There are 2 protein chains.
Amino acid sequence: MARPSRTGETDATRVRRLLRASLIEGEIPPGSKLRVQALATQYGTGASPVREALSSLAAEGLVERLDQRGFRAAPVTLGAFEELLRARCWVEELVLRESILAGGQQWEEALVVARYRLSRTPRRADPSSLRDDPAWDRVHLEFHRALTAACPSPTMLGFCETLRERASRYRGVALTVAYPTRDVAAEHEAIAEAALARQVPEACRLLVEHYQRTAGYLRLALEGSQSLTGC
Amino acid sequence: MARPSRTGETDATRVRRLLRASLIEGEIPPGSKLRVQALATQYGTGASPVREALSSLAAEGLVERLDQRGFRAAPVTLGAFEELLRARCWVEELVLRESILAGGQQWEEALVVARYRLSRTPRRADPSSLRDDPAWDRVHLEFHRALTAACPSPTMLGFCETLRERASRYRGVALTVAYPTRDVAAEHEAIAEAALARQVPEACRLLVEHYQRTAGYLRLALEGSQSLTGC
DNA sequence: ATTTGCAATTTAATCGATAATATTTCATAC
DNA sequence: GTATGAAATATTATCGATTAAATTGCAAAT
């Protein structure tokens with residue numbers, strides 16, 4: 001039965017999209033088992049679309065497939081996190097460089113807008129919450145995308161996006177500690193400033209430091225919480 | 001019916017593996033339609049495993065999914081080729097650098113072996129053939145892997161592998177012209193020499209030139225053959 | 001000759017059922 | 001109390017059939 005959602009989107013594609021978001025956002029914790037029947041019921045469809053979605057997410061690395069034993073959300077480990085961070089710094093540095101070199105007026109203006117929006121959005125709606133406001137998450141993501149958007153290689157930008165998604169799965173795990181005081185807004189400002197001034201080495205240095213600082217806190221939280229095995 | 005291949009490999013996984021090889025090798029030409037029923041018959045299984053395999057290859061970029069219109073082998077275009085080449089040069093340069101910096105004795109020795117094997121394998125068994133000998137393809141692949149193997153980032157190495165696979169899909173399209181005389185063996189020798197001598201800039205320069213030279217011929221062939229649309 | 005409309009055919013997407021496998025439960029022995 | 005193993009249960013992987021959509025073929029009209 002090709003039961004169309006009227007939008008042309010198939011069940012498999014829809015489930016893939018929703019599952020993907022749940023995994024990236026951390027709503028589905030790393031390492032947890034993904035039972036086909038349960039997901040089918042949850043998303044109001046059958047086993048086939050769910051299996052297609054899971055297969056596709058497995059190819060992407062968000063899900064692990066164990067032949068004959070089903071699927072589970074890809075587990076996270078401290079080692080994988082360190083490795084991911086290193087790869088991210090290398091790639092983001094490269095992509096930022098090429099973006100600055102290739103960026104024209106359109107890129108500059110989009111970056112200015114993204115920076116402005118980020119500066120105007122409070123990080124936490126409720127200051128007592130440990131979790132960032134979804135609206136801030138969005139503009140923050142858009143800011144980082146705007147920085148590298150002019151890199152003339154969709155392949156590299158796609159790889160960046162993949163790494164970003166993988167990294168975001170670690171955030172939920174690390175919610176156990178309050179982050180030390182740190183002026184993230186000023187870091188973003190400085191990066192944007194250097195990028196707009198076309199100061200390649202300075203911008204790259206600041207960006208990498210920005211990532212490593214964030215990662216440093218995350219690392220502490222991960223080590224403390226011991227919630228990394230996902231088992 | 002969980003009909004196991006006794007090896008623990010599921011039908012979906014097996015079909016994925018075989019399809020993947022066919023796509024990379026160029027046996028299935030880019031752009032061609034992939035009909036689920038036909039593939040199911042060909043691989044002696046049902047629609048579900050085939051759809052899972054296709055979904056997973058779509059996530060990887062080897063297959064394109066058009067909702068409600070099935071799957072097709074990802075098409076190739078001259079523009080995508082140029083872009084791929086650029087991304088490849090950037091990433092391979094980075095990975096080679098880190099490999100040289102991190103490589104120990106084991107890496108050196110494996111590289112020496114790979115270089116030796118490549119030097120002893122004739123590129124074409126039958127000199128009249130335009131196609132490279134599969135045995136040469138293998139040792140050539142292993143040589144390039146050995147160069148970068150010591151890079152301490154599985155993520156980056158995996159990305160290299162993905163780009164390599166995408167690139168190899170272009171070779172089959174470009175079989176219409178004979179390559180001009182060129183001493184590929186000497187190029188490989190020089191790269192290995194520089195890498196073993198830990199001359200990072202020199203090795204990277206030679207590797208990138210190696211890719212761009214190969215790509216140059218491929219580009220000519222692609223422009224000439226006009227077989228790029230895949231339609 | 002090209003375009004338009006409609007029926008026939010093909011193909012895609014999904015469901016429900018089923019067989020094989022993995023996992024859990026629980027009684028029994030040590 | 002823990003270990004063992006067999007039955008009970010749950011889950012995975014797959015098939016065959018079914019429905020909806022896309023494509024094709026073909027005739028009539030412009």
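Everything numeric in this text was worked out from a predicted model, so none of it was measured. Residue numbers begin at 1 in each chain, while the letters A, B, ... track the order of the sequences.
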(request) Side chain of B/Arg65 only, please: which of D/dT12, C/dA13, D/dT14 is the nearest? (result) C/dA13
(message) For a quick test of reading the model: is some side-chain N or O of A/Arg69 closer than 4.0 Å to OP1 or OP2 of C/dA22?
(response) no
(request) First locate atom NE2 of A/His188, then atom NE2 of A/His140, and finally report the distance between them rounded to the nearest 0.5 Å. (result) 3.0 Å
(message) Quick check for you: among C/dT23, D/dA21, D/dC15, whose closest atom lies nearest to any side-chain atom of B/Asp11?
(response) D/dC15
(message) Without decimals, in angstroms, what is the distance between B/Glu52 CD and D/dT14 P?
(response) 7 Å
(request) Look at all strands and tell whether A/Ala12 reaches a base, only sugar-phosphate, or nothing, counting heavy atoms closer than 4.0 Å. (result) sugar-phosphate
(message) Run the side-chain hydrogen bond (donor to acceptor under 3.5 Å, both in side chains) test on A/Tyr116 and A/Arg120 for me, step by step, so that the C-alpha distance in whole Å, both residues' side-chain angles and the decisive distance to 0.1 Å come before the verdict.
(response) CA-CA 6 Å; A/Tyr116 176 72; A/Arg120 300 302 300 248; 3.1 Å; yes
(request) Rounded to the nearest angstrom, tell me the gap between atom NZ in B/Lys33 and atom P in D/dA22. (result) 12 Å
(message) On the six-membered ring of A/Phe143, is A/Arg115 placed so that its NZ or CZ lies under 6.0 angstrom from the centre and within 45° of the ring axis?
(response) no
(request) Nearest 0.5 Å please: distance from the CD atom of B/Glu93 over to the CG atom of A/Leu94. (result) 8.5 Å
(message) The side chain of B/Gln68 is closest to which nucleotide in this list: D/dT12, D/dT14, D/dA22?
(response) D/dA22
(request) Spell out, as yes or no, whether a donor-acceptor pair under 3.5 Å connects the side chain of A/Thr214 to the backbone of A/His210. (result) yes
(request) Tell me which of A/Leu34 and B/Pro49 sits closer to the 5' end of DNA chain D, going by the nucleotide each one is nearest to. (result) A/Leu34
(request) Can you figure out which of D/dC15, D/dA13, C/dA12 approaches the side chain of B/Arg51 most closely? (result) C/dA12
(request) Round to a whole Å and report the spacing from CD of A/Glu9 to P of D/dA21. (result) 15 Å
(message) Using whole Å, what does the distance between atom P of nucleotide C/dA13 and atom CZ of A/Arg14 come to?
(response) 14 Å
(message) What is the separation between atom CZ on B/Arg72 and atom P on D/dA22, rounded to the nearest whole Å?
(response) 16 Å
(message) Which is more 5' along DNA chain C, the nucleotide nearest A/Asp67 or the one nearest A/Thr13? Just name the residue.
(response) A/Thr13
(request) Would you tell me if any nitrogen or oxygen in the side chain of A/Thr45 comes within less than 4.0 Å of OP1 or OP2 on C/dT14? (result) no
(request) Let me know the distance between CG of B/Leu54 and C1' of C/dT14, rounded to the nearest Å. (result) 16 Å
(request) Find the distance B/Arg35:CZ to C/dT9:C1' and express it as a whole number of Å. (result) 13 Å
